[in-house]
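Just below is one structure, and these are the notes that go with it.
A quick note: this is a predicted structure, and the numbers were derived from the prediction, not measured.
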Amino acid sequence: MKTRALDHVAALKRMELYCSAHPRGPAAVRRPRLSRRGNLWIALLGRDMQSGISGFGPTVEAALRAFDTQYMSSLRPRIAA
């Protein structure tokens, strides 16, 4: 297996561990796609970053935590100022 494929397998395992630790969290329930751009991990639910919900971080876990935060923020009604 090539390095990139091994990295992806390891990332999926880390995602499974994160989801096991947070079974009712948005990442565990919705299972966003994971990808990597340089040193940044991206957890994305939806077609693209503009129309979907995404989380970014230097680790898989950080990206999933950011995704959980963004997902929960998207559910809250916006209060007009």
Side-chain cluster (under 4.5 Å, hydrophobic types only) that L75 belongs to, other residues: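 Direct or chained contacts put L75 with L45, I53, F67, Y71, M72.
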Inter- and intrachain pairs under ring-ring contact (aromatic ring centres under 6.0 Å, His included), touching residues 7-63, at least two apart: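 Pairs touching residues 7-63 that pass the test: Y18-H22.
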Could I get the full list of side-chain hydrogen bond (donor to acceptor under 3.5 Å, both in side chains) partners for [X], not counting sequence neighbours?
X   : result
E61 : R14
R33 : none
R31 : E16

Pairs satisfying salt bridge (Lys or Arg N to Asp or Glu O under 4.0 Å), at least one member in residues 38-60, at least two apart: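 Residue pairs with at least one partner in residues 38-60: there are none.
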Spacing of CG belonging to L12 relative to CG belonging to L17, to within rounding of 0.5 Å: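 Reported value, rounded in 0.5 Å steps: 11.0 Å.
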Atom of [X], atom of [Y] and distance for their closest heavy-atom approach:
X   : Y   : result
G57 : A62 : CA-CB, 3.9 Å
A28 : P23 : CB-O, 3.5 Å
S54 : L44 : CB-CD1, 4.0 Å
A43 : L64 : CB-CD2, 4.0 Å
A27 : D68 : N-OD1, 2.8 Å

For R37, all residues meeting side chain to side chain contact (heavy atoms under 4.5 Å, CB included), sequence neighbours excluded: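 By the side chain to side chain contact (heavy atoms under 4.5 Å, CB included) rule, R37 matches I42, M49.
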Residues in side chain to side chain contact (heavy atoms under 4.5 Å, CB included) contact with A10, at least two apart in sequence or another chain: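 Here no residue qualifies.
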Contact check, side chains of P32 and M15, non-hydrogen atoms, under 4.5 Å: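 Yes. Closest side-chain heavy atoms under 4.5 Å.
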Residues, nucleotides or ligands: over 12 heavy atoms within 6.0 Å of R30 CZ: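 Check fails, neighbour count at 12 or below.
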